[in-house]
Amino acid sequence: MLDWKDGQPFSSRFGDVYFSTESGLEETRHVFLQGNELGRRFAAMCAGESICIGETGFGTGLNFLCAWQLFEHTAPLGASLDFFSTEKYPIDDDALSAALVLWPELVVQASALLASWRRRVSGWNRWHFAGGRIRLTLALEDVAQALPQLPSHSVDAWFLDGLSPTKNPQMWSDEVLMAIARASHAGTTLTAYTSAGRVQDSLQVAGFEVKRVPGYSRKWEMTQGRFVSSDSQSSPAKGAPPRSALIIGGGLAGCAAAHALAQRGIQVTLVESASQLASAASGNPRGILHARFAAGMNILHRFVLASYGHALGLLDEVMPVDDVLRAECGLLQLAATESEAKRIGKLAAQEWPPHLLQAVDAEQASQLAGLPMMHGGLWFPAGGWVVPPEVSARLVQHPNIIIQLDSEVTSLERTASGWHASGDGFVIEAEQAVVCSAHQAKKLAQFAGCPLLPVRGQISMLAATDASSRMQAVLCAEGYCAPAVEGQHVAGATSSFDDDGTDIREVDHAENLAKISAQMPELRQALGDIQPASGRAGVRCSAPGAMPLVGEVELGLYCSLAHGTRGLLTAGIAAEIIAAQMCGQLPPLPADILDALSPLPRMGRSGSVVAPASNGGRQ
Ligand code: SAM
């Protein structure tokens with residue numbers, strides 16, 4: 001919902017306008033872009049360099065779109081922009097669309113933002129624009145919750161745009177301003193529309209030099225500030241991204257990492273022991289986009305939610321919905337067991353945006369499924385299925401990526417200039433290395449102590465009948481079944497821990513069918529008297545606690561491992577984390593989730609893997 005007053009967006013909640021009633025666009029340019037001297041700073045950047053803007057109220061995204069437009073006009077090719085913003089009360093799709101219609105000169109940027117907007121989840125979102133040069137990290141939560149999760153010294157310029165301090169004091173609290181200071185470094189600039197004395201005093205206490213300068217139009221004064229610090233640590237050296245990286249493992253995790261690094265201009269060599277990419281767990285003919293959360297939304301489930309939103313956006317970029325390789329048919333989680341009914345009941349009692357999930361009764365579930373359903377549950381409108389090997393193939397279609405198949409890396413050694421990977425008859429050198437080889441990683445000395453477990457999983461292909469062909473959404477309980485494509489349903493999947501067998505087992509087919517019989521009897525009936533036609537077994541990699549291992553292991557060595565059954569969702573955001581760490585850019589997720597993903601504690605090593613983004617000192 002967005003209110004309007006005199007043809008302009010207006011916040012009834014706070015009794016204040018989103019931007020100047022005269023011209024929001026010109027106000028943004030004056031207060032935030034010129035106020036932070038961004039035209040000059042963008043133009044002074046070099047290829048490979050990134051700059052980070054932080055904002056305290058995303059609203060309609062006007063400031064973001066203007067910063068993006070200026071960046072594209074002034075920054076050299078190869079430079080990139082991180083824009084971080086927070087928004088506690090995101091407006092809906094129609095409201096955003098209506099608000100952005102006001103700015104015809106931003107139509108290209110606005111339509112790209114709108115396409116990503118429909119993928120938003122609560123918590124942190126990471127979207128790419130302009131071929132990956134512009135990265136938006138949008139924390140849909142309270143500003144006081146979001147800002148302390150930023151790495152120290154990571155922001156180069158601030159847009160303080162949290163409505164008037166008298167109408168929304170929470171946005172200007174000492175706590176918020178101290179968090180802004182913590183994420184700043186010597187030379188970080190800020191501007192604010194307000195020139196309120198209390199805000200300026202608090203900014204000074206937090207470490208900013210502030211002054212009043214002429215505001216936009218009839219507004220006499222606004223605030224301009226610069227962070228000053230005697231602490232030399234607060235002005236970190238600017239790290240350049242590496243020129244080259246090698247990636248071990250050509251499943252979804254490795255292909256996603258290759259994509260994220262190549263997009264940042266890094267020359268990538270992807271090494272895979274098999275004769276084709278996505279030959280292990282990522283090789284199933286179809287995989288489902290299935291996000292499952294506990295009602296308490298612990299850290300794992302906050303990560304899964306962020307991963308789900310990110311995966312949908314990444315798929316939109318590399319493999320738009322076409323109903324052949326990807327279908328957005330929706331997904332139903334059925335309240336088919338007592339424990340599921342309890343979990344679903346608790347989630348249904350919470351507030352969710354309808355584009356993300358909706359609670360449905362049996363009648364609504366039947367309509368959505370296309371088959372009569374005994375149980376209601378949760379409806380995920382953006383859920384569906386994809387062909388995972390095709391996703392992998394699309395992710396590595398980039399001129400910066402070289403693929404080397406049939407090459408098992410048996411040794412990884414540090415050299416004076418980086419890493420040296422070797423195997424039978426080949427050697428690859430690169431500045432940095434990323435290990436994405438699932439449980440096979442344990443064969444490398446650096447990962448020998450890693451708690452990685454192979455988990456065998458078998459899917460069953462079931463011949464569709466006339467009745468089962470009417471099914472039009474993915475159905476999930478303890479097992480799952482996808483709608484028929486070319487006369488076949490995919491049902492799955494078994495989980496056998498510490499088992500790396502890829503043989504097809506009748507007992508596993510029976511288990512997949514038994515789950516359908518017990519929890520989706522309507523579907524079992526529609527399938528008639530069938531036997532699985534065929535199946536596929538793959539080996540996933542899991543770690544205790546189900547949190548993947550993602551991040552830096554030692555200087556210049558990273559891993560993306562143990563994605564378990566969620567690789568389709570989590571591989572992409574894991575790749576973003578590694579790329580950001582490698583390039584000294586803003587991470588896509590809050591520090592507490594990054595800490596939980598860190599491989600170090602689980603490998604028995606100490607130290608913080610969440611290296612502060614090493615932007616710094618740009619003037
Ligand atoms: N920058 C915006 C634009 O370009 O459209 C205008 C921002 S508007 C002046 C301020 C925004 O801050 C509103 O969208 C409001 O919902 C949001 N907001 C208010 N209180 C907040 C809080 N505690 N945490 C995060 N966002 C908040």
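None of these values were measured; they are calculated from a predicted model. Ligands are counted one by one from 1 in listed order, and the atoms in each one are counted from 1 as well. FYI, side chains are in, hydrogens and waters are out, and symmetry mates aren't considered; it's all heavy atoms of this structure.
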Note, F84 side chain near V155 side chain (heavy atom, < 4.5 Å): no

Flag the pair R120 and D93 as a salt bridge only when some basic side-chain nitrogen lies within less than 4.0 angstrom of an acidic carboxylate oxygen. yes

So if I count the atoms of ligand 1 from 1 in the order they appear, which ones are less than 4.0 Å from some heavy atom of E55? 1 (N)

How far is atom 7 (C) of ligand 1 from its nearest protein heavy atom, and which residue and atom name does that atom have? G57 O, 3.2 Å

Relative to the ring of F380, is the ring of F293 parallel (under 30°), tilted (30 to 60°) or perpendicular (over 60°)? tilted

Considering only heavy atoms, does R13 approach ligand 1 within less than 4.0 Å through its side chain, its backbone, both, or neither? neither

How about D82 and S50: does a side-chain donor come under 3.5 Å of a side-chain acceptor? no

For ligand 1, is there an atom lying under 4.0 Å from some heavy atom of G61? yes

Relative to the heavy atoms of F14, which atoms of ligand 1 are at a distance of less than 4.0 Å? 19 (C), 20 (N)

Among protein heavy atoms, which lies nearest atom 14 (O) of ligand 1, and at what distance? E87 OE1, 2.6 Å

For Y89, atoms of ligand 1 separated by under 4.0 Å from a heavy atom: 16 (O), 20 (N)

L62 heavy atoms, cut-off 4.0 Å: which ligand 1 atoms fall inside? 3 (C), 4 (O), 5 (O)

Residue and atom name of the nearest protein heavy atom (relative to atom 19 (C) of ligand 1), distance in Å to one decimal: N168 ND2, 3.1 Å

Which protein non-hydrogen atom lies closest to atom 25 (C) of ligand 1, naming both residue and atom, and how far is it? K88 N, 3.2 Å

Looking at atom 23 (N) of ligand 1, what's its closest protein heavy atom, distance included? D142 OD2, 3.2 Å

Are the side chains of P76 and M45 in contact, using a 4.5 Å heavy-atom criterion? yes

Residue, atom and distance of the protein heavy atom nearest atom 21 (C) of ligand 1 read M171 SD, 3.4 Å

Any salt bridge between E576 and R264, counting N to O under 4.0 Å? yes

Whether F64 and F58 hold their rings parallel, tilted or perpendicular, with breakpoints at 30° and 60°: tilted

Under 4.0 Å from any heavy atom of E141, which atoms of ligand 1 are there? 25 (C)

If you have a sec, work out which protein heavy atom is nearest atom 5 (O) of ligand 1 and how many Å separate them, to one decimal? T60 OG1, 2.7 Å

Proximal atoms of ligand 1 relative to N63 (non-hydrogen, under 4.0 Å): 1 (N), 4 (O)

Carboxylate-amine/guanidinium proximity below 4.0 Å for E328 and R326: yes

Answer with side chain, backbone, both or neither: which part of T28 has a heavy atom less than 4.0 angstrom from an atom of ligand 1? neither

If you define the side chain from C-beta out and look only at heavy atoms, does anything of W172 sit under 4.5 Å from T194? yes

For ligand 1, note which part of F64 has a heavy atom under 4.0 Å away: side chain, backbone, both or neither. neither

Among Y18, F58, F32, F159, closest by any non-hydrogen atom to atom 3 (C) of ligand 1: F58

Regarding R29 and E105, does a basic nitrogen lie under 4.0 Å from an acidic carboxylate oxygen? yes

Salt bridge check: are R41 and D156 linked by an N-O gap of less than 4.0 Å? no

Can you tell me the protein heavy atom closest to atom 24 (N) of ligand 1 and the distance? V143 N, 2.9 Å

Regarding N63 and D161, is there a side-chain donor-to-acceptor distance under 3.5 Å anywhere? yes

